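Below you'll find the structure, written out as structure tokens, and then a few comments.
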2 protein chains.
Amino acid sequence: MVKSNNTTRNKLIETTGKLLQLHGYSGTGLNEIIKQSGAPKGSLYYHFPEGKEQLAYEAIERTKENVTNFIKDSLARYDDPIEAIQNFIYDSAKRFEADSYFNGVPIANIVLEISKTNDRLRELCRKVFESWHEAFADKLKSGGYSDEESWDLAMTINAMIQGAFVICLTRQDSKPLLVMAEQIPVMLIKGK
Amino acid sequence: MVKSNNTTRNKLIETTGKLLQLHGYSGTGLNEIIKQSGAPKGSLYYHFPEGKEQLAYEAIERTKENVTNFIKDSLARYDDPIEAIQNFIYDSAKRFEADSYFNGVPIANIVLEISKTNDRLRELCRKVFESWHEAFADKLKSGGYSDEESWDLAMTINAMIQGAFVICLTRQDSKPLLVMAEQIPVMLIKGK
DNA sequence: GTCTATATACGGATAGAC
DNA sequence: GTCTATCCGTATATAGAC
């Protein structure tokens, strides 16, 4: 790991992540990234010689780490998968209401836009979803669900939550996430 | 309804809908719309004096009608809500595999990008989701579910399907939709 | 590592002829 | 209803000084 702890480089990645989440790939301009990050104007192409795509790539990788950790940490707070996942969704709803910068749907907003035009970024987004999926699946397995059941249920949960986020954003309230949370026990109580 | 059946106007709306679905709002340029629609180059601002936003607005309205009808028609083929919804998802998966132009997620791709910057379009997208939600809820009510149950379950189904589409697009296969379809009976068989 | 200046393309939009 | 020409802003990216 030769990468330095450069603050400028770091701020550029963080800011890009936020802006991508809010305005998508085409909607995010390099000028705005520079302005909002407070990074030195001349440094962008020094740190990211391949330009916007490289910046997006690294921002997506960063988001992958952050969100995966958020999921894992949240799920670790309860042993029972049902409780754990339900509380994860409540946590998400709280974060959504709190606004901060969590308003926007991280990866979906990018991948929907570039899936047909940028295979490199699409492939990276695929890995992000896989990583979230794996976190849910592991939790289910540890709760006694079979491998196949865990895979299918985790896929469903992942899809539900993302769809709920889309609708939350559209309605500007967190109700859809709360509804999803209530459905979790219905889906998970059975062939365990 | 003074609106004429103008073919040019119509083609512009259709093409805009497809392009928005594929490349999002910022990613869709007026030049490309004109090129792909084959519409006369000078006619865009004649038919849509308010420019890109008006074009998008009408394209979203069109998508609302088309998709809502697709959902209703598909659901009407089976009396039992479980069968009906499950088969609707299989239909969707088939359409996804068939590619045609159904590759891209219609409204989500727009609303994720503009939810914070364009209230008029966001509000319209909210109505689109509401319309789809209503179609599912009506089917559930007709199958004997209570009003509240129908509302919650329809919300969940709507979210699941949209989340599944996002993941389908990312993975470039329809597996996630098939997984969702299998979960439908689990969710719906109970307090009916 | 960071700066300014600039190349070049494309975005949305308007004017005025036909 | 449609055409061409054009304005103007902004986009990504590069060159070369500091």
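Remember, it's a predicted structure, so these values are computed and weren't measured experimentally. Computed over heavy atoms, backbone and side chain alike; hydrogens, waters and symmetry mates excluded. Order of the sequence lines fixes the chain letters, A, B, ..., with proteins taken first and strands second; residue numbering starts at 1 for each chain.
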Round to the nearest Å and state the distance from [X] atom [atom1] to [N] atom [atom2].
| X | N | atom1 | atom2 | answer |
| --- | --- | --- | --- | --- |
| B/H23 | C/dC10 | NE2 | C1' | 16 Å |
| B/L19 | C/dG11 | CG | P | 12 Å |
| B/I34 | C/dC10 | CD1 | P | 15 Å |
| B/L44 | C/dA15 | CG | P | 16 Å |
| B/Y25 | C/dG11 | OH | P | 14 Å |
| B/L55 | C/dG11 | CG | C1' | 15 Å |
| B/F48 | D/dG1 | CZ | C1' | 13 Å |

Q | Out of D/dT12, C/dT2, D/dC3, whichever nucleotide has its closest atom nearest the side chain of A/Y45 | A | D/dT12
(Q) Counting only side-chain heavy atoms from C-beta out, which of C/dT2, D/dT12, C/dG12 sits nearest to A/L30? (A) D/dT12
Q: Using distance alone, with no hydrogens and no angle criterion, decide if B/T8 and B/S43 have a side-chain donor and acceptor under 3.5 Å apart.
A: no
(Q) Quick check: on DNA chain D, is the nucleotide nearest A/E32 upstream (toward 5') of the one nearest A/P49, or the reverse? Name the residue that is more 5'. (A) A/E32
Q. Does a salt bridge link B/D91 with B/R77, judged by any charged N lying under 4.0 Å from a carboxylate O?
A. yes
**Q.** Pi-cation contact, A/Y25 with A/K52 (under 6.0 Å, within 45°)
**A.** yes
**Q.** Proximity of B/F88 and B/Y78 rings by center, below 6.0 Å
**A.** no
Has [X] got a side-chain N or O lying under 4.0 Å from the OP1 or OP2 atom of [N]?
| X | N | result |
| --- | --- | --- |
| A/N31 | D/dT10 | no |
| B/T8 | D/dT2 | yes |
| A/Y46 | C/dG1 | yes |
| A/K41 | C/dC3 | no |

(Q) Surrounding NZ of A/K11 (heavy atoms of other residues, nucleotides or ligands, distance under 6.0 Å), is the total greater than 12? (A) no
Q.
What's A/S26 touching, base or sugar-phosphate or nothing? Going by heavy atoms closer than 4.0 Å.
A. nothing
